[in-house]
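For reference, the structure discussed in these notes is given below.
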Amino acid sequence: MLDKTFDPKTAEPRLYEAWERSGGFAPVDDPNAEPFSIVIPPPNVTGSLHIGHALNNTLQDVLIRFERMRGKAALWLPGTDHAGIATQMVVERQLAEAGNRSRRDMGREEFVAKVWEWKAKSGGTIVNQLRRLGASCDWSRERFTLDEGLSNAVRKVFVTLYKQKLIYRDKRLVNWDPHFQTAISDLEVEQREVDGHYWHFAYPLEDGSGEIIVATTRPETMLADTAVAVHPKDQRYTAVIGKAVRLPIVNRPIPIIADEYPDPEKGSGAVKITPAHDFNDFQVGKRHNLPVINILDDFARLNDNAPPEYRGLDRFAARKKVIEQFEALGLLREVEKTRHTVPHGDRSGVVVEPYLTDQWYVAADVLAKPAIEAVEQGKTVFVPKNWEKTYFEWMRNIQPWCVSRQLWWGHRIPAWYGPDGKAFVEETEAEAKRQAEEHYGRPTDLKQDEDVLDTWFSSGLWPFSTLGWPEKTDDLARFYPTHTLITGFDIIFFWVARMMMQGLHFTGEVPFKRVFINALVRDATGAKMSKSKGNVMDPLEMVDDYGADALRFTLTAMSGQARDIKLSRQRIEGYRNFGTKLWTAPRSCQINGCARAAGFDPATVKAPLNRWIVGETTRTAQSVTAALAGCGFGDASETLYRFIWNQFCDWYVEFAKPLLTGADEAAKAETQATTAWALDVILKLLHPVMPFITEELWAQTADLGAPRAETGFLMTARFPELSSDLIDPAADAEIALLIAAITEGRSVRQELNVPASAQPALLVVETSDAQRRVLTENAPLVARLLRVSEVRFVEVAPEGSIPFVVEGATLALPVAEFIDIAAERARLTKEVASLAGDIAKTAGKLANPDFVARAPEEVVEENRERLADAEAAKAKLEGALARLGAAA
RNA sequence: GGGCGGCUAGCUCAGCUGGUUAGAGCACCUCGUUUACACCGAGGGGGUCGGGGGUUCGAAUCCCUCGCCGCCCA
């Protein structure tokens with residue numbers, strides 16, 4: 001006999017280990033099996049599993065388990081991302097805490113060695129946490145973005161793009177993070193709205209004829225101004241265009257230029273132009289050939305281009321000093337409060353500077369074109385589809401992608417420079433040297449580029465680099481393009497778009513046929529989970545408390561498309577209870593001798609009850625299959641929940657008891673076999689979502705009756721495929737009548753406070769012949785579930801019996817001695833009122849000639865039937881009400 | 001400023017290719033230890049589907065508009 005409850009704590013690790021050891025996570029070898037592949041969104045190697053990972057990976061696992069059970073060669077390829085900035089940050093912090101020398105003191109080689117050391121020790125954390133969730137990844141194929149194969153792919157891609165002139169070096173303004181002293185891409189910049197000020201400064205005209213007012217939120221940049229711009233049509237300034245102002249503090253004359261950029265409606269209409277420290281001003285400067293004066297260093301301190309008293313000052317200290325000086329000079333005209341957006345580094349959190357440096361860029365606009373077309377043509381589809389709009393929007397306005405980072409942890413850029421600065425971009429240093437020798441005519445020392453690549457550069461290759469590209473491997477041929485990518489919308493730009501661009505460019509094929517965008521997990525109040533808010537829910541704690549299956553079911557059930565998921569413990573607890581419900585059902589079946597019968601065929605069962613459950617099981621299997629095939633995770637889990645709890649447990653198992661304990665041996669045997677069959681189907685259907693508990697039940701019921709055709713793990717058993725021929729509408733109708741009669745009867749009993757221990761007869765007053773037959777044949781079942789002594793057919797309901805109407809049949813309970821007339825009157829009055837409301841509504845519809853004329857015939861007919869039924873029922877209950885009045 | 005999503009029972013959500021009496025879980029109230037399950041069973045109360053307008057025989061569902069709330073991009 002099964003234990004009373006399932007114990008996830010002991011069973012989950014045991015089952016996972018057994019699965020992993022069996023090799024069942026790897027795709028089957030069968031060359032005829034259709035390949036189905038998913039690559040994991042590689043979590044940062046520094047990461048630990050948060051609830052978002054739990055959701056994302058649960059859905060991937062549900063899908064991969066489903067397709068594996070459908071007989072496909074299912075590959076879920078796992079791995080981690082080296083996460084340049086994040087990892088460097090973590091290790092630097094740890095070194096500092098341990099009192100080590102700083103990264104700079106240590107030097108590049110030693111520091112990078114330390115990071116690898118850290119990775120070897122702590123880098124496996126998240127991967128092991130995925131195991132606790134039940135993730136059936138093929139760990140034998142696990143990859144890391146910095147491992148050798150992937151690094152080869154990165155170099156190959158970089159060199160190829162360079163030679164195709166799609167990667168180039170350029171000097172322009174980048175987003176500079178002064179905390180990490182590196183460039184970052186546009187996407188890594190977070191625009192934050194903050195309170196600030198507009199400082200209105202007066203710049204005196206060079207000829208002494210007056211002044212011009214400019215306003216800025218960043219006073220310190222005035223030290224690098226090289227012009228003042230006004231709109232050419234702004235009549236206030238027509239006269240001064242071409243003149244100069246003398247820049248205060250710096251004491252340098254700068255021109256007043258005419259440009260479309262200033263908005264005459266805003267402020268004074270005149271704008272200071274600082275090409276080196278503002279993206280818009282940089283463009284203006286280009287148009288007018290203005291000098292570009294950079295006054296900052298890598299740490300955003302003022303450099304030697306600033307007046308001597310400013311040199312070495314932090315940018316914010318310099319701001320303060322500039323304002324003070326303007327005030328002292330009498331040139332500060334106004335200080336206006338404002339709210340404006342300020343760019344911050346998403347990792348460092350510090351204000352990012354537009355900063356003029358040499359960086360490597362990818363011509364993303366060229367790569368984007370085929371990536372846009374592929375989605376337009378449906379080669380890759382987004383689910384839900386509306387995310388395509390987001391994708392298109394960004395891709396159609398894509399900017400050059402800055403891919404170099406001034407970090408040490410990452411793929412070092414394969415560019416080597418000669419003494420004259422000429423770059424040799426090759427896959428190996430040896431090849432670069434060879435090229436250099438050819439170029440210079442003699443062996444020449446080269447110096448490799450110090451920078452590394454943006455982490456997303458290598459992640460963008462993930463779907464094919466992990467499969468062995470650029471080698472022509474079997475895996476690549478078999479599993480690329482991958483089938484489905486499951487990820488969050490927050491990385492559509494960072495990752496999905498880049499994979500599309502690089503995948504198409506280097507393999508000629510889309511990297512995945514379908515992208516499922518999963519929701520964002522929030523706390524129970526809808527706030528984004530964050531450490532600082534202290535509202536993070538640790539998935540591992542949930543696994544500890546409720547088991548992985550409960551968490552998985554919760555996440556699956558709540559993964560409605562494009563929605564936030566507000567997660568609460570209560571919900572997880574509810575699904576833990578569902579697991580227990582499932583666990584205990586086979587105990588009931590065992591008690592009653594249910595066991596698999598050799599050669600059982602669900603098509604041949606005779607008893608309506610069994611025909612009904614076979615049909616319902618079939619419907620469920622079909623609907624779950626369709627849902628999962630289309631990433632309808634929520635639908636699939638809801639269907640399973642309802643079927644298992646509300647049909648199988650609530651009705652079938654209860655209905656089966658009289659048959660299982662009755663005298664009809666044939667019916668008994670059939671029911672025992674059907675129950676066992678249905679249970680096995682249920683375990684299979686539920687397995688992708690709740691793998692642990694179903695696998696354990698599968699094992700524990702293995703020797704119940706005839707051996708299963710399938711040996712081994714449930715994980716690799718075949719997902720049910722059941723034909724609609726198994727659905728029998730006649731059986732459905734019979735069971736529906738029984739359910740309705742019992743439900744109504746119970747309702748009557750409880751509303752009238754008939755004691756649970758009382759066992760009156762159920763009187764059948766008026767029925768069709770078919771209904772009469774069903775009620776006769778199932779009398780023991782009705783008696784048991786409605787707690788009545790017998791089912792008796794009578795001509796008229798006796799005085800004081802309580803009538804109720806079910807599907808046109810009139811039934812009654814002779815419980816006069818228990819009831820309170822007032823309660824019964826109230827019940828009948830309520831019923832009659834409800835029917836009257838329905839009648840009024842339906843009759844109204846039918847009285848409308850337009851409705852009868854225009855609505856489809858079946859809808860009209862349905863309404864006619866409803867009206868007739870309701871009127872009949874109402875008449876019967878009104879009769880009862882009248883008799884009650886007479887009796888009282 | 002542009003775009004997307006949401007607003008349905010006290011809470012969290014489903015329903016939204018228009019057509020039974022708008023559903024579920026949790027919470028709440030009542031009853032119940034009947035041979036799987038109290039992590040349970042049975043019954044019940046609770047919603048003018050954000051406001052307004054329109055299309056239609058018929059709107060939670062389609063269209064317009066307004067109002068909040070959230071997110072993304074500039």
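Chain A is the first sequence line, chain B the second, and so forth, proteins listed ahead of strands; every chain is numbered from 1. Reckoned from all heavy atoms, side chains included, excluding hydrogens, waters and symmetry mates.
A donor-acceptor contact shorter than 3.5 Å is absent between the side chain of A:Arg576 and the backbone of A:Leu551. Looking at A:Arg571, its side chain never comes within 3.5 Å of a backbone N or O of A:Thr554 through a donor-acceptor pair.
Comparing B:rC37, B:rG19, B:rC39 by their closest approach to the side chain of A:Pro856 singles out B:rG19. Closest to the side chain of A:Lys389, out of B:rC4, B:rG41, B:rG43, is B:rC4. Distance from the side chain of A:Glu638 is smallest for B:rA14 among the nucleotides B:rC39, B:rA14, B:rC26. Side chain of A:Glu862, nearest nucleotide from B:rG43, B:rU20, B:rA36: B:rU20. In this structure, of B:rU12, B:rC4, B:rG19, it is B:rC4 that holds the atom nearest to the side chain of A:Asn386. In the set B:rU35, B:rC39, B:rU12, B:rU12 carries the atom at the smallest distance from any side-chain atom of A:Met558. Set against B:rG19, B:rU30, B:rA24, the side chain of A:Arg642 has B:rA24 as its closest nucleotide. Among the nucleotides B:rG32, B:rG43, B:rC72, the one closest to the side chain of A:Ala756 is B:rG32. In the set B:rU12, B:rC39, B:rG41, B:rG41 carries the atom at the smallest distance from any side-chain atom of A:Lys581. Of the candidates B:rC71, B:rC73, B:rU34, B:rC73 carries the atom nearest the A:Phe493 side chain, counting heavy atoms from C-beta on.
For B:rG70, the paired nucleotide is B:rC4, the pair qualifying as Watson-Crick or G-U wobble because both relevant distances are below 3.5 Å. Using Watson-Crick or G-U wobble geometry with both donor-acceptor distances under 3.5 Å, B:rA38 finds no partner in any strand shown. B:rA59 is unpaired under the criterion used here, namely a Watson-Crick or G-U wobble arrangement in which both key atom distances are under 3.5 Å. Base pairing of B:rG10: its partner is B:rC26, meeting the Watson-Crick or G-U wobble criterion (both donor-acceptor distances under 3.5 Å). Base pairing annotation: B:rU20 forms no Watson-Crick or G-U wobble pair, as no partner gives both donor-acceptor distances under 3.5 Å.
The OH atom of A:Tyr575 sits 9 Å away from the P atom of B:rC26 (whole-angstrom rounding). Separating the CZ atom of A:Arg746 from the C1' atom of B:rU30 is a distance of 16 Å, rounded to the nearest angstrom. The distance between atom CG of A:Leu187 and atom C1' of B:rC72, rounded to the nearest whole Å, is 12 Å. Rounding to whole angstrom units, CD of residue A:Gln570 and C1' of B:rG10 are separated by 12 Å. Rounded to an integer number of Å, the gap from A:Trp394 CH2 to B:rG2 P is 23 Å. Taking atom CZ of residue A:Phe553 and atom C1' of nucleotide B:rA24, one finds them 12 Å apart after rounding to whole Å. As rounded to whole Å, 5 Å separates atom C1' of B:rC31 from atom CD of A:Gln750. Atom-to-atom, CZ of A:Arg571 to C1' of B:rC13 comes out at 6 Å; the value is rounded to the nearest Å.
The same atom, C1', is picked in B:rU56 and in B:rG18; the two are 9 Å apart, to the nearest Å. Rounded to whole Å, the separation between the P atoms of B:rU61 and B:rC7 comes to 12 Å. Taking the C1' atoms as reference points, B:rC28 lies 12 Å from B:rA9, given to the whole Å. Rounded to a whole angstrom, the distance from the P atom of B:rC63 to that of B:rG6 is 12 Å. Between the C1' atoms of B:rG52 and B:rG44, the separation comes to 36 Å (whole Å). Separation of the P atoms belonging to B:rC13 and B:rU8 is 9 Å when rounded to the nearest angstrom. When the P atom is compared between B:rG41 and B:rC26, the two are found 9 Å apart, to the nearest whole Å. Nucleotides B:rG15 and B:rG47 are separated by 14 Å at their C1' atoms, to the nearest Å.
The shortest non-hydrogen separation linking A:Ile572 to A:Tyr546 is CG2-CD1, 3.5 Å.
Using a 30° and 60° split on the angle between ring planes, A:Phe578 and A:Trp645 fall in the parallel class, below 30°. Ring geometry for A:Tyr641 versus A:Phe553: interplanar angle of 30 to 60°, hence tilted. The aromatic rings of A:Phe6 and A:Trp583 are tilted relative to each other, their planes meeting at an angle between 30° and 60°.
OP1 or OP2 of B:rG44 lies within a sub-4.0 Å distance of a side-chain N or O belonging to A:Ser747. For B:rG41, one of the phosphate oxygens OP1 or OP2 lies less than 4.0 angstrom from a side-chain nitrogen or oxygen of A:Trp645. Phosphate proximity of B:rA38 to A:Lys4: present, with a side-chain N or O under 4.0 Å from OP1 or OP2. The shortest distance between the side-chain N/O atoms of A:Asn577 and the OP1/OP2 oxygens of B:rC40 is below 4.0 Å.
Heavy-atom neighbours of A:Glu878 CD from other residues, nucleotides or ligands within 6.0 Å: above the threshold of 12. In the displayed structure, A:Phe851 atom CZ is contacted under 6.0 Å by more than 12 heavy atoms of other residues, nucleotides or ligands.
The residue among A:Cys649 and A:Glu751 whose nearest nucleotide of RNA chain B is located toward the 5' end is A:Cys649. When the nearest nucleotides of RNA chain B are assigned to A:Val852 and A:Asp650 by heavy-atom distance, the more 5′-ward of the two goes with A:Asp650.
Within the 4.0 angstrom heavy-atom criterion, no nucleotide atom of any strand lies near A:Glu861. The residue A:Thr661 sits apart from the nucleic acid: no heavy atom pair falls under 4.0 Å. Across all strands shown, A:Arg576 has heavy atoms under 4.0 Å from base atoms, whether or not it also approaches the sugar-phosphate.
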